[in-house]
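What follows is a set of notes on a single structure, which appears directly below.
Just so you know, these numbers use all the heavy atoms, side chains as well, and skip hydrogens, waters and symmetry mates. Residue numbers run from 1 in the order of the sequence given.
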Amino acid sequence: MASTLLLALVFVIDVIAFGLAVAAEQRRSTATIDNNGRESYCVYDRDIATGLGVGSLLLLVLSQTIIMVASRCLCCGKAMKPSGSRAWAIVLFITCWVFFLIAEICLLAGSARNAYHTKYRNLLNNPPTCATLRKGVFGAGAAFVFLTAIVSELYYVSYSKASEDKANYGRDSGIRMGNL
């Protein structure tokens, strides 16, 4: 029962994180050049995407923390019986962390770059170059948030199944990890 509630909580947090990342992609800052005679400068319309990206990043960290604490980060819990579930738990654990890191990098880089606004640039009467976030950075982050959500749920299910089975120590070899 607690396992089901945990998965539901993590799923809801991941869905909210995904929604925030998609909203950040749709509300990226855009810039226009305003020329008031002598000097030209960039005018940015909104900066809400930075907050949405950071919110998504923090929710993804919360989700990952809940899953890792519940599973004792795979390495600090009791021994699991050698089985297909244990093998899948290990593969999904590594995949989950890789997807998590990619999602965090995309969201953090997107938020930082979206918050960067250029100031006056008027060298030799050239119009300024208005730096904006490239399209798709938050979208890539949202995609990896989605993949992290799926893989972390599958990891926890595989971990739970593998840890329900008790390791058989009937044929103790006397050597540590010899039974595995």
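- Considering every non-hydrogen atom in both Ser111 and Val54, the closest pair reads OG-N, 3.4 Å.
- With hydrogens and angles ignored, the 3.5 Å screen pairs a side-chain donor or acceptor of Glu25 with a backbone N or O of Gly136.
- Remark: Ile13 CD1 to Leu9 CG distance equals 4.0 Å, nearest 0.5 Å.
- Atom CG of Leu101 sits about 9.5 Å away from atom SG of Cys96, to the nearest 0.5 Å.
- In the hydrophobic cluster analysis, where Ile, Leu, Val, Met, Phe, Trp and Tyr join through side-chain heavy atoms closer than 4.5 angstrom, Ile105 is grouped apart from Leu58.
- Taking CG of Leu6 as the reference point, atom CD1 of Ile67 lies at 5.0 Å (rounded to 0.5 Å).
- The OG atom of Ser71 lies 3.0 Å from the OH atom of Tyr155; values are rounded to the nearest 0.5 Å.
- Atom-to-atom distance recorded for Ile90:CD1 and Ser85:OG is 11.0 Å, nearest 0.5 angstrom.
- When the side chains of ILVMFWY residues are joined at heavy-atom separations under 4.5 Å, either directly or via intervening members, Phe11 and Leu59 end up in two distinct hydrophobic clusters.
- Grouping the Ile, Leu, Val, Met, Phe, Trp and Tyr side chains by contacts below 4.5 angstrom, directly or via other members, places Leu62 with Leu20.
- Within the structure, side-chain hydrogen bond (donor to acceptor under 3.5 Å, both in side chains) pairs that include any residue of residues 88-102 do not occur (at least two apart or interchain).
- Of all non-hydrogen atoms in Gly53 and Phe138, the two that sit nearest each other are CA-CE2, 3.8 Å.
- In the hydrophobic clustering of ILVMFWY residues, with side-chain heavy atoms under 4.5 Å counting as a link, Phe146 and Ile66 come out together.
- Applying the side chain to side chain contact (heavy atoms under 4.5 Å, CB included) test between Glu153 and each of Val10, Leu92, Thr148 identifies Val10 as the sole match.
- Counting heavy atoms from C-beta outward, Gln64 and Phe99 have side chains that stay 4.5 Å or more apart.
- The minimum heavy-atom distance between Phe18 and Ala142, with the atom names listed, is CD1-O, 3.2 Å.
- Side-chain contact check for Ser63 versus Phe100: every heavy-atom pair is 4.5 Å or farther apart.
- A 4.5 Å side-chain heavy-atom check between Leu57 and Leu108 finds at least one atom pair inside the cut-off.
- Scanning both residues, Leu60 and Val145, for their nearest heavy atoms gives CD2-CG2, 3.8 Å.
- Judged purely by atom type and a 3.5 angstrom limit, Ser56 has no side-chain atom pairing as donor or acceptor with the backbone of Leu52.
- A side-chain donor-acceptor contact under 3.5 Å links Thr65 to the backbone of Val61.
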